[in-house]
Amino acid sequence: MTDAPALAVSDLHVHLGESHVLQGITFAVSRGRVTALLGRNGVGKTTTLRALLGLVPRSRGHVSLGEEDVTKLRTHEIVRRGIGYVPEDRDVFAGLTVEENLRLAERGGAGRYELVYELFPELRERGGQKAGTLSGGQQQMVAIGRALLNENALLLVDEPTKGLAPFLVSEVAAALERAAGLATILLVEQNLGVVQRVAEDVVVLDGGRVVHEGGAKELFAQPERVRQLLGVHGGAA
């Protein structure tokens, strides 16, 4: 088995309009682990995920999946390397049913429907319902379900608990724990309780740069450091 990380980012720069959003970020995501990408609002976390997939233009830098440099590949070519993406705003197809949303995510054969329905039984029950009529929490289940449907090696998950009721936050965290046994995960998440529950490693961005990289337990054992980096207290899961 290769010793290369699942994902390696080197000197990545992104300009959006007049803003230099990512200013040379470098970090690695270890294979088989959950890495949380943290930082205050507006520091470039979502832009990082989108840049990894080629959804926003990179002005400089390299992105590698395992030992393969994918910097010059198009988005669909990167996804075919085994990348699942759960976007911040869910992006379900509102006019299609739950089942149709899942079917569209199939890649290269039958999907892992039993796994998805085991994690989210409600999706089976609401298979014929249009996704646009679902609650925010149910739409998030669809978004995560689409990413888990294929045997992806790496999942990019952006703010999965944003705006959810507490009981749904716990359900989504449990789904992420299960997904962690199936794939490497790079997770953007503001709920530090969820981060402490599922993440093993952390990367912290500030001002478009990486300002901290290390173990999650080690960081959260230092409340003052958490406040310094994130402006908040660490919370219990």
Walk me through it: do V9 and T26 pass the test side chain to side chain contact (heavy atoms under 4.5 Å, CB included)? CA-CA 5 Å; V9 182; T26 297; over 6 Å; no

Which residues pass the side chain to side chain donor-acceptor pair (under 3.5 Å) test with [X], sequence neighbours left out?
X    : answer
S19  : none
H13  : D11, H20, R60
S135 : Q138

Once you round to the nearest 0.5 Å, how far does [atom1] of [X] lie from [atom2] of [Y]?
X    : Y    : atom1 : atom2 : value
L230 : R225 : CG    : CZ    : 9.5 Å
L149 : Y113 : CG    : OH    : 5.0 Å
F93  : L102 : CZ    : CG    : 11.5 Å
S30  : L186 : OG    : CG    : 11.5 Å
L37  : L49  : CG    : CG    : 6.0 Å
F120 : R126 : CZ    : CZ    : 14.0 Å

Linked, directly or transitively: [X] and [Y] (ILVMFWY side chains, under 4.5 Å):
X    : Y    : answer
L123 : L148 : yes
V203 : I25  : yes
V70  : L12  : yes
V157 : V56  : no
L176 : I83  : no

Keeping to residues at least two apart or across chains, list the ring pair (Phe, Tyr, Trp, His ring centres under 6.0 Å) pairs with something in residues 40-90. none

Is the closest side-chain heavy-atom distance between [X] and [Y] below 4.5 Å?
X    : Y    : value
M141 : V98  : no
P160 : V172 : yes
L22  : T48  : yes
L229 : R40  : no
V169 : V194 : yes
V63  : L7   : yes

Determine, step by step, whether L38 and Q190 satisfy the side chain to side chain contact (heavy atoms under 4.5 Å, CB included) criterion, reporting the C-alpha distance in whole Å, the side-chain angles of both residues, the deciding distance to 0.1 Å, and the verdict. CA-CA 7 Å; L38 306 177; Q190 294 282 49; over 6 Å; no

Got a sec, which residues hit salt bridge (Lys or Arg N to Asp or Glu O under 4.0 Å) with [X], two or more places apart in sequence or on another chain?
X    : answer
E18  : none
R50  : none
R178 : E118
R112 : none

Heavy-atom pair with the smallest gap, counting every atom of [X] and [Y]:
X    : Y    : result
V198 : V34  : O-CB, 3.3 Å
V14  : A51  : CG2-CB, 3.8 Å
A131 : N101 : CB-ND2, 3.5 Å
A179 : L155 : CB-CD1, 4.1 Å
E67  : A4   : CG-CB, 3.7 Å

Do Q139 and R90 get their side chains close enough for a donor-acceptor pair, meaning under 3.5 Å? no

If only side-chain N and O atoms count, and only distance matters, is there a donor-acceptor pair under 3.5 Å linking T97 with Q129? no

Could you walk me through whether V188 and L156 satisfy the side chain to side chain contact (heavy atoms under 4.5 Å, CB included) test, starting with their C-alpha distance in whole Å, then the side-chain angles of each, then the deciding distance to 0.1 Å, before giving a yes or no? CA-CA 8 Å; V188 171; L156 307 178; over 6 Å; no

If only atom types and distance count, is the side chain of [X] paired as donor or acceptor with the main-chain N or O of [Y] below 3.5 Å?
X    : Y    : result
T184 : G32  : yes
N152 : L154 : no
R58  : K72  : no
T133 : K130 : yes
R81  : L65  : no
N150 : A105 : yes

Qualifying salt bridge (charged side-chain N to carboxylate O under 4.0 Å, His left out) pairs with a residue from [range], counting only residues at least two apart or across chains:
range            : result
residues 92-104  : E99-R103
residues 199-211 : R33-E200, R33-D201
residues 151-176 : E88-K162

Distance-only criterion, 3.5 Å: show the donor-acceptor pairs between side-chain atoms of residues 214-222 and protein atoms not counting sequence neighbours.
from : atom 1 : to   : atom 2 : distance (Å)
Q222 : NE2    : E218 : O      : 3.0

Please check if the number of heavy atoms outside R74 that lie under 6.0 Å from its CZ is greater than 12. no

Determine, for E224 against R227, whether the closest basic-nitrogen to carboxylate-oxygen distance falls under 4.0 angstrom. yes

Using a strict 4.0 Å threshold on nitrogen-to-oxygen distance, state whether E189 and R197 make a salt bridge. no

